[in-house]
K.L.:
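Before anything else, here's the structure in question.
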Amino acid sequence: MLDMTIERLSAAVGEKVTLQGWVMGKRTGKGLVFLIVRDGSGLCQCIVDESKVDNAIFEDAKRISQESSLRITGQVVADERQVGGYELHVSGLEIVSLSQDFPITPKEHGVDFLMDHRHLWLRSKRQWAIMRIRNTIIMAIHEFFQGEGFIQTDAPIFTGNAVEGTSTLFETDFYGEPAYLSQSGQLYGEAMAMAFGKIYTFGPTFRAEKSKTRRHLSEFWMIEPEMAFHNLDMNMDTIERFLRFVVLKVLDKNTLELDMIGRDTTVLKQITEPFPRITYEDAVKILKGELEVDGKNAIKTLEADLVEVQARIAAIQAEIAEREAKIAVPGMKKGEIGFHQSKIQQLKEELSEQEEAGRNIPMWLKSARDFRMGNDFGGSDETVLTRLFNTPIMVYNWPHEVKAFYMKRDEQDARWAKGVDVLAPEGYGEIVGGGERETQLDLLIEKIHEHELPMEAFEWYLDLRRFGSVPHAGFGLGLERLIAWTCKLPHVRETIPFPRMYGRIAP
RNA sequence: UCCUCGGUAGCUCAGCUGGUUAGAGCACUUGACUGUUAAUCAGGGGGUCGUUGGUUCGAGCCCAACCCGGGGAGCCA
């Protein structure tokens, strides 16, 4: 049978099956060739034994190279030591296409090199695992909203007016008129919520920010639910249920993948606990160390982190020196030297990470101490704040000056706009931004003037308040940031098949 | 736009205060090893040291400008 996949080998133990795939790796021994085959669904070690196959097959097994494609036939044997738990005792092998000098070797590579070979990098284990988790998350998003009675609608990607300034928009030529690639479907989502009750959009979003950081992409996918007859509290309830649902789905369906990328799931499992809801005012106090959380002080915690980082740097430097001294002694076996060298390599990588933390933390501390009530949080402020929590936190009631014109003003205290930012733990920061929308026509018009926006471009939007305005709320979730946190990746670029970012348009 | 770190073999890096023919590991290749999981052993080929200009008897190393990349600030999901 040719439709066998590695994923389904467990149902075929003892049977003779044929797999179709690619060679990920090869090890040879006297009379034996071990092939690691991947077929997209998983990995399987295939053993070619010289004494059990035709000579021609054994010769093919010996000459087959990394990433050659093949059809391979053999008996499925359970073996707990193997990735996936099964191996194939080969009786037949057909080379479909021989590959030559595959650029991505089992050794470490630099980011630039890997990014230039993204089309091939996607074949590696880690990327395989991440893309499967991405798939789970996308499906879970649909499942959650569909299950709660939302309908998926889509906002346009071309927009004619620059809502929040043209500096962050990509301009294109739309039949001779300037048009911009959408940086949010928010306003259209509101129109659709007035038509269909509860909706969500799920599509690509474009931001022309010249940001070169671990959490920015120029093209990313955003989920934007919008709910009629919902207020800020109901919005926060929805966000919490939603994030919990998605993360639990990943924990359920991707244990293998999470393990492959080395994700410690302890923090993820705490997603079942309530998310703290903190007003902006309190968040600022926590940030400045004026308010403690469960007896923990943000500033003091960070200072302790710094001490720890410095101790770690010293320990790493000592270990590197020790291993280098060992290698320097003549007479050590080559293999052992290689072992020490690879350890030193790892240590040096960790050292540069720790050194970076050592440089950053004092800056973060300064930023936190000097923070002024009324400002928006910067990336480091979010890190300092979330350092004290193991679940996402929801910061709400923001100074209205820092939020968009459509955000509803708090009826009790006009200083605040009823927005909410959800900050992920472990240093990931903002993954969701949302809030309750302004419903009053006159306040909205005032805000549009205040932001110096072109009134005529918003006439259609104002119609939503003229014809049956209702309280409504919604939020936007950056898919890639959610994936990055779920997988604890150092950078969002690995969460999307072909990242588009400042300075990167190919492949 | 600004700050910061970097660019040496196909890949990852070393190259001490400037000094003869620029090194290692991996990958590739030849051979040895009956089960390996990036840690076996022996041999082999492979480099305009990002670009341009300068300092010097002499530059991979020093200086300047530029190009490319990493991280961060601003901005944000």
Side-chain angles (χ1 to χ4, degrees), chain A residues 24-36 43 45 47-52 65-66 79 81-83 87 89 100-117 164-165 167-168 183-184 186 205-224 324 327 333-346 348-349 352-353 355-357 359-360 363-364 367 376-380 382-383 402 404 421-424 428-434 475-485 490-493 502-504:
Chain A
M24 266 200 116
K26 181 176 76 169
R27 285 179 288 274
T28 57
K30 171 93 174 169
L32 284 170
V33 175
F34 300 90
L35 298 173
I36 308 300
L43 300 178
Q45 173 165 271
I47 297 106
V48 189
D49 187 332
E50 190 173 19
S51 66
K52 290 175 185 160
S65 50
Q66 189 191 358
D79 187 332
R81 291 170 300 177
Q82 306 309 335
V83 183
E87 60 179 26
H89 290 191
Q100 262 190 335
D101 297 326
F102 189 70
I104 300 174
T105 63
K107 200 61 180 168
E108 300 277 340
H109 295 286
V111 174
D112 193 36
F113 177 82
L114 288 170
M115 289 299 293
D116 283 341
H117 295 84
E164 288 161 49
S167 64
T168 59
Q183 60 170 3
S184 168
Q186 152 81 49
T205 302
F206 307 89
R207 303 266 168 102
E209 293 155 356
K210 289 181 178 172
S211 298
K212 289 175 68 169
T213 79
R214 59 184 66 220
R215 55 183 193 284
H216 284 88
L217 291 168
S218 305
E219 176 184 308
F220 64 97
W221 288 71
M222 190 150 72
I223 297 90
E224 293 181 283
E324 276 175 344
I327 291 174
K333 274 192 183 173
K334 221 176 143 187
E336 207 174 336
I337 290 173
F339 173 70
H340 284 300
Q341 277 172 342
S342 73
K343 280 282 182 207
I344 288 169
Q345 192 71 42
Q346 281 173 19
K348 282 187 176 171
E349 272 165 35
S352 70
E353 279 169 28
E355 281 173 342
E356 201 190 309
R359 282 192 298 271
N360 284 337
M363 281 155 42
W364 295 352
S367 167
D376 205 349
F377 290 147
S380 71
E382 292 176 355
T383 307
V402 304
D421 278 6
V422 179
L423 309 179
Y428 282 86
E430 187 172 357
I431 52 172
V432 170
F475 60 93
L477 170 111
L479 176 67
E480 285 74 18
R481 286 191 181 173
L482 176 61
I483 298 169
W485 170 56
H491 199 298
V492 289
R493 69 184 150 224
Y502 186 53
R504 171 68 60 181

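Labels below follow one simple rule: chain letters A, B, ... track the order of the sequence lines, proteins then strands, and each chain is numbered from 1.
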K.L.:
Using every non-hydrogen atom in the two residues, find where A/Met24 and A/Leu43 come nearest and quote the distance to one decimal.
P.N.:
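Between these two residues, the closest heavy atoms are SD-CD2, 3.2 Å.
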K.L.:
Only pairs with both distances under 3.5 Å count, Watson-Crick or wobble alike; so what is the partner of B/rG44 in this structure?
P.N.:
B/rC28
K.L.:
When the C1' atoms of B/rC11 and B/rC28 are considered, how many whole Å apart are they?
P.N.:
12 Å
K.L.:
Identify the heavy atoms of A/Arg493 and A/Val111 that sit nearest to each other, and give their distance.
P.N.:
CZ-CG1, 3.3 Å
K.L.:
Mind checking A/Leu217 for me? I need base, sugar-phosphate or nothing, with any heavy atom below 4.0 Å counting as a touch.
P.N.:
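Contact class for A/Leu217: base.
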K.L.:
Mind calculating the distance between CZ (A/Arg504) and P (B/rG71) to the nearest angstrom?
P.N.:
11 Å
K.L.:
Using only atom types and a distance under 3.5 Å, with no angle test, would you say the side chain of A/Ser211 pairs donor to acceptor with the backbone of A/Thr213?
P.N.:
no
K.L.:
Are any of A/Arg493's side-chain N or O atoms less than 4.0 Å away from OP1 or OP2 of B/rG71?
P.N.:
yes
K.L.:
To the nearest angstrom, how far is A/Phe206 atom CZ from B/rC76 atom C1'?
P.N.:
16 Å
K.L.:
Could you tell me how far B/rG6 sits from B/rG19 if I compare only their C1' atoms? Round to whole Å.
P.N.:
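26 Å, rounded to whole Å.
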K.L.:
Specify the residue among A/Asp376 and A/Pro490 whose closest nucleotide of RNA chain B lies further upstream toward the 5′ end.
P.N.:
A/Pro490
K.L.:
CE/A/Met363 to OG/A/Ser380 distance, rounded to the nearest 0.5 angstrom?
P.N.:
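OG of A/Ser380 is found 7.5 Å from CE of A/Met363.
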K.L.:
Considering heavy-atom distances to RNA chain B, does A/Glu430 or A/Ser380 have its closest nucleotide positioned more toward the 5' end?
P.N.:
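Looking at RNA chain B, the more 5' nearest nucleotide goes with A/Ser380.
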K.L.:
If I pick the C1' atom on B/rU8 and the same atom on B/rA32, what distance separates them, to the nearest angstrom?
P.N.:
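One C1' to the other, the span is 34 Å.
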K.L.:
I need the CZ-C1' distance between A/Phe113 and B/rC11, as an integer number of Å.
P.N.:
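Rounded to whole Å, this separation is 6 Å.
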K.L.:
Judged by atom type as modelled, is there a donor-acceptor pair below 3.5 Å linking the side chain of A/Arg27 to the main-chain atoms of A/Val33?
P.N.:
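Flag not set: sc A/Arg27 to bb A/Val33 has no pair under 3.5 Å.
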K.L.:
So, taking the atom named CH2 in A/Trp485 and the one named CD1 in A/Ile431, what distance separates them when rounded to the nearest 0.5 Å?
P.N.:
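Atom-to-atom, A/Trp485:CH2 and A/Ile431:CD1 are 6.0 Å apart.
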K.L.:
With rounding to the closest Å, how many angstrom separate the C1' atoms on B/rA59 and B/rU51?
P.N.:
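Rounded to whole Å, the distance is 16 Å.
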K.L.:
In whole Å, I'd like the distance from the OH atom of A/Tyr428 to the C1' atom of B/rA77.
P.N.:
15 Å
K.L.:
Within the 4.0 Å heavy-atom criterion, would you say A/Val492 contacts the bases, only the backbone, or no part of the nucleic acid?
P.N.:
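Touches nothing.
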K.L.:
Look at the side chain of A/Phe220 and decide which nucleotide, out of B/rA77, B/rU12, B/rG71, has an atom nearest to it.
P.N.:
B/rA77
K.L.:
Determine the Euclidean distance between corresponding C1' atoms of B/rA27 and B/rA9; express it in Å to zero decimal places.
P.N.:
11 Å
K.L.:
Roughly how many Å apart are B/rC16 and B/rC63, using the P atom of each and rounding to a whole number?
P.N.:
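Comparing P positions in B/rC63 and B/rC16 gives a spacing of 14 Å.
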K.L.:
Are A/Ile223 and A/Leu479 side-chain neighbours, meaning at least one heavy-atom pair lies under 4.5 Å?
P.N.:
yes
K.L.:
Describe, in one word, how the ring planes of A/His109 and A/Phe113 are oriented to each other, choosing from parallel (under 30°), tilted (30 to 60°) and perpendicular (over 60°).
P.N.:
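Taking A/Phe113 first and then A/His109, their aromatic rings lie parallel (interplane angle under 30°).
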K.L.:
From CZ of A/Phe102 over to P of B/rG10, roughly how many Å is that when rounded to an integer?
P.N.:
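Going from A/Phe102 (CZ) to B/rG10 (P), I get 18 Å.
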K.L.:
Under a 3.5 Å cut-off for both distances, is B/rG6 Watson-Crick or wobble paired, and to whom?
P.N.:
B/rC68
K.L.:
Is there a Watson-Crick or G-U wobble partner for B/rU1 with both distances under 3.5 Å, and which nucleotide is it?
P.N.:
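Pairing partner, where one exists within any strand: B/rA73.
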K.L.:
Write down the distance between CG (A/Leu479) and P (B/rA77), rounded to a whole number of angstrom.
P.N.:
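These atoms are roughly 15 Å apart.
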K.L.:
Pick the P atom in B/rC61 and in B/rG18, then give their distance to the nearest Å.
P.N.:
11 Å
K.L.:
How many Å lie between CZ on A/Phe475 and C1' on B/rC76, as a whole number?
P.N.:
18 Å
K.L.:
Do A/Ser184 and A/Glu224 have side-chain atoms, one donor and one acceptor, less than 3.5 Å apart?
P.N.:
yes
K.L.:
Choosing from B/rC11, B/rG72, B/rC75, which nucleotide comes nearest the side chain of A/Glu209?
P.N.:
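That would be B/rC75.
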K.L.:
When you compare the side chain of A/Ile104 with that of A/Leu114, does any pair of heavy atoms fall below 4.5 Å?
P.N.:
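Heavy-atom side-chain distance check passes, below 4.5 Å.
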K.L.:
Please report, rounded to the nearest Å, how far the P atom of B/rC28 is from the NZ atom of A/Lys26.
P.N.:
8 Å
K.L.:
Record whether the side chain of A/His216 comes under 3.5 Å of the base of B/rC76 through a donor-acceptor pair of N or O atoms.
P.N.:
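Yes.
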K.L.:
Could you check whether the side chain of A/Ser211 and the base of B/rG74 have a donor-acceptor pair of N or O atoms closer than 3.5 Å, going by distance alone?
P.N.:
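Between B/rG74 and A/Ser211, which were checked side chain against base, a qualifying N/O pair under 3.5 Å is present.
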K.L.:
Going by purine N1 to pyrimidine N3 plus the second Watson-Crick contact, or the G-U wobble pair, all under 3.5 Å, which nucleotide sits opposite B/rU21?
P.N.:
none
K.L.:
Taking a pair as Watson-Crick or G-U wobble with both distances under 3.5 Å, which nucleotide is matched to B/rA14?
P.N.:
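Result: none.
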K.L.:
Would you tabulate the nitrogen or oxygen pairs shorter than 3.5 Å linking the protein to nucleotides 34-36 of chain B?
P.N.:
from   : atom 1 : to      : atom 2 : distance (Å)
B/rU34 : O4'    : A/Lys30 : O      : 3.0
B/rG35 : N1     : A/Glu87 : OE2    : 3.4
B/rG35 : N2     : A/Glu87 : OE1    : 2.9
B/rG35 : N2     : A/Glu87 : OE2    : 3.3
B/rU36 : O2'    : A/Arg27 : NE     : 3.3
B/rU36 : O2     : A/Arg27 : NE     : 2.7
B/rU36 : O2     : A/Arg27 : NH2    : 3.3
B/rU36 : O2     : A/Gln45 : OE1    : 3.3
B/rU36 : N3     : A/Gln45 : OE1    : 2.9
B/rU36 : N3     : A/Gln45 : NE2    : 2.9
B/rU36 : O4     : A/Gln45 : NE2    : 2.6
B/rU36 : O4     : A/Gln82 : NE2    : 2.8

K.L.:
Can a side chain N or O of A/Lys212 be found less than 4.0 Å away from OP1 or OP2 on B/rG72?
P.N.:
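For A/Lys212, the contact criterion (side-chain N or O under 4.0 Å from OP1 or OP2 of B/rG72) is not met.
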K.L.:
Check the phosphate of B/rG71 against A/His491, side-chain N and O only, distance under 4.0 Å to OP1 or OP2. Yes or no?
P.N.:
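Affirmative; the distance criterion is met.
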K.L.:
Need one value for A/Gly429: base, sugar-phosphate or nothing, where a base atom within 4.0 Å counts as base even if backbone is also close, heavy atoms only.
P.N.:
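It contacts nothing in the nucleic acid.
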K.L.:
So if I take every side-chain heavy atom of A/Thr168 and compare against B/rC76, B/rC75, B/rG69, which nucleotide ends up nearest?
P.N.:
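From the listed options, B/rC75 comes nearest.
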K.L.:
Write down the distance separating the C1' atoms in B/rA38 and B/rG25, rounded off to the nearest Å.
P.N.:
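Nearest-Å result for B/rA38 against B/rG25 at atom C1': 11 Å.
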